[in-house]
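Working notes, beginning with the structure itself.
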Amino acid sequence: MERLKLVLQYFQSNSESISNGICIILALVSVKLYTSFDFNCPCLPQYNKLYSLGVMIVPPIIFFFLGVLVNRHTGVMMDEWIRPIGNRSKNPAVVKYLFSAMLQRALLAPMVWILVTLLDGKIFICAFSVSVDPALFSGLPNNTGLDLIRIMAKVPCKEDVIFRNSSFRKAVSRYVRCYSQAVGWSILLLLIVLGAMGRLIKPCFDDHATGLQTRYWSNYLDVEQKLFDETCVLHARDFARKCVVQFFEDMREDAVLRLPHPPFISSFKEDWDDEEEDRLHGVTKQEQVDQLLNKWFHSKPELDVTRIAHRPRTCVTWEDRDGKTLYSDV
């Protein structure tokens, strides 16, 4: 149970871990789907190979696009690629890194499907039984009245009457299955060797500092987008609350207040400062919100945290009955 909790905490720690978890789930789903899939070969020369290749290729394509769709790196990469430069320059290395990360995760489930089908061998037998030389095996049924190609096309169909009490079908099936498993294990070994060589050789040719910078800014874009979405939700909630309150209670929030001088200015001013903290940073209309979001897309702020963000504040001016200013917080 403790190990399961650690695994769940890892997959919930950040977006990259969540993407890894989703891709692993897709890979497990592909295995479960294949084991529950009832594969029935047509056993016809003109359809065997077409049907088999369709089963081997179409599901991996579907899993690939599902992996691209559910991967968070896809959205972050596209946002960074198509956005205008504005106040922030683009880093092609970050886009390349995000594309590589997205592609690697999206290819996991399709490769698992292909490897499982090759190691199982049923689809390979259906596709290439016609290509086997029957002279290599004994027991070929020659009293069926069918030509040789049709007989070989019926090898995957063990319930066919022409192969009753015949060892020919089993021998051909074992022969083709061995080829299928050899191809599957070869692909798996090639992928492992390429992955190991990439991990060993890549650090020798890449600048480690540049790699760290690329990884940092790719994580920054992911976190920035997530925080922006969360802030938009909070901002929209405050804006909606203000609009609803004004609709039902007809409340007013003027930018500049001109009031008669009360006996105690300090206490009233403190209450107003408390209310000021709850304002929407100067945003009061729909056009201002649209302009703010448009500015974020077309001209993202530069990455400089030394500047203090400007926050609009309410200016209160106290006047007497003759219009003479007694106190102002400007």
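One is the number of the first residue; the rest follow in order along the sequence. Model, not experiment: these values are computed from the prediction.
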For Ala106 against Cys23, the heavy-atom pair lying closest together: N-SG, 4.5 Å
Spatial distance of atom CD (Gln291) from atom NZ (Lys285) [nearest 0.5 Å]: 12.0 Å
Are Met197 and Leu189 connected in the hydrophobic side-chain network, where two residues link if heavy atoms are under 4.5 Å apart? yes
Single-linkage hydrophobic cluster Ile62~Leu50, side-chain heavy atoms < 4.5 angstrom: no
Please name the pair of heavy atoms, one in Arg177 and one in Asp120, separated by the smallest distance, quoted to 0.1 Å. NE-O, 3.2 Å
Straight-line distance of Lys154 NZ to Arg169 CZ, nearest 0.5 Å: 13.0 Å
Report the C-alpha separation of Lys122 and Ile125 in whole Å, then their side-chain angles, then the decisive distance to 0.1 Å, and conclude whether the side chain to side chain contact (heavy atoms under 4.5 Å, CB included) test is met. CA-CA 5 Å; Lys122 289 188 297 186; Ile125 294 172; 5.6 Å; no
Spacing of CG belonging to Leu108 relative to CG belonging to Leu103, to within rounding of 0.5 Å: 12.0 Å
How long is the span from the CZ atom in Arg72 to the CD atom in Gln225, to the nearest 0.5 Å? 6.5 Å
Note, Trp113 side chain near Leu33 side chain (heavy atom, < 4.5 Å): yes
Below 4.5 Å, heavy atoms only, C-beta onward: do Val116 and Val112 meet side chain to side chain? yes
As an exercise, state the distance from CD of Gln181 to CG of Leu119, rounded to the nearest 0.5 Å. 6.5 Å
Any donor-acceptor pair under 3.5 Å linking the side chain of Ser299 with the backbone of Lys295? no
Verdict with reasoning, Lys49 to Val130, per side chain to side chain contact (heavy atoms under 4.5 Å, CB included): CA-CA 9 Å; Lys49 187 173 294 186; Val130 180; over 6 Å; no
Can you find a heavy atom in the side chain of Ile187 that is under 4.5 Å from one in the side chain of Leu115? yes
Is it the case that atom OH in Tyr47 sees more than 12 heavy atoms from other parts of the structure closer than 6.0 Å? no
Taking all non-hydrogen atoms of both residues, which atom of Ser173 and which atom of Val155 are closest, and how far apart? OG-CG1, 3.7 Å
Determine yes or no for a side-chain-to-main-chain donor-acceptor pair under 3.5 angstrom, with Ser30 supplying the side chain and Ala27 the backbone. yes
Test salt bridge (charged side-chain N to carboxylate O under 4.0 Å, His left out) applied to Arg88 and Glu302, Glu80, Glu224, the passing residue: Glu224
Check whether any side-chain heavy atom of Cys232 lies under 4.5 Å from a side-chain heavy atom of Leu293, and answer yes or no. yes
With ring centroids as reference points, do Tyr97 and Tyr216 lie under 6.0 angstrom apart? no
Do Arg83 side-chain atoms and Ile85 backbone N/O form a donor-acceptor pair below 3.5 Å? yes
With clusters defined by side-chain heavy atoms of hydrophobic residues (ILVMFWY) lying less than 4.5 Å apart, directly or transitively, does Phe297 cluster with Val76? no
Does some side-chain heavy atom of Asn87 sit less than 4.5 Å from a side-chain heavy atom of Lys300? no
Between the main-chain N or O of Leu44 and the side-chain N or O of Asn48, is there a donor-acceptor pair closer than 3.5 Å? yes
Atom CZ of Phe239: over 12 foreign heavy atoms under 6.0 Å: yes
Answer yes or no: does atom CD of Gln286 have more than 12 heavy-atom neighbours from other residues, nucleotides or ligands under 6.0 Å? no
Would you say Gln288 has more than 12 foreign heavy atoms packed within less than 6.0 Å of its CD? yes
Side-chain contact, heavy-atom cut-off 4.5 Å: His235 with Val283? yes
Does the Arg199 side chain pair with the main chain of Gly195, one donor and one acceptor, at a distance under 3.5 Å? no
Within a 6.0 Å radius of atom CZ on Arg150, are there more than 12 heavy atoms belonging to other residues, nucleotides or ligands? no
Does the Cys41 SG fall under 2.5 Å from that of Cys126? yes
Would you check, one step at a time, whether the test side chain to side chain contact (heavy atoms under 4.5 Å, CB included) holds for Lys32 with Thr35? CA-CA 5 Å; Lys32 181 63 177 178; Thr35 55; 4.1 Å; yes
Would one find more than 12 heavy atoms of other residues, nucleotides or ligands at under 6.0 Å from atom CZ of Phe228? yes
Trp217 with Ile82, same ILVMFWY side-chain cluster at under 4.5 Å: yes
May I ask you to check whether over 12 heavy atoms, not counting those of Ile149, lie within 6.0 Å of atom CD1? no
Do side-chain atoms of Lys90 reach the backbone of Trp81 as a donor and acceptor pair under 3.5 angstrom? yes
Side chain to side chain, Met152 and Pro134, heavy atoms closer than 4.5 Å: yes
Neighbour count >12 (heavy atoms, 6.0 Å) for atom CZ, Phe137: yes
Can you list the steps and then say if Phe124 with Thr117 is a side chain to side chain contact (heavy atoms under 4.5 Å, CB included)? CA-CA 8 Å; Phe124 211 80; Thr117 57; over 6 Å; no
Return the NE2 to CG distance between His298 and Asn294, rounded to the nearest 0.5 Å. 5.0 Å
In short, Ser218 meets Leu98 closest at the heavy-atom pair CB-CD2, 3.8 Å
How far apart are the closest heavy atoms of Met56 and Pro60, and which atoms are they? O-CG, 3.0 Å
What heavy-atom pair brings Phe168 and Ser138 nearest, and what distance separates the two atoms? CD1-O, 3.6 Å
Under the salt bridge (charged side-chain N to carboxylate O under 4.0 Å, His left out) test, which residues partner Arg174, sequence neighbours left out? none
Hydrophobic cluster membership, with links at side-chain heavy-atom distances under 4.5 Å among I/L/V/M/F/W/Y: are Trp185 and Met111 in one? yes
Measuring only between side-chain heavy atoms, which start at C-beta, is Ser52 closer than 4.5 Å to Phe39? yes
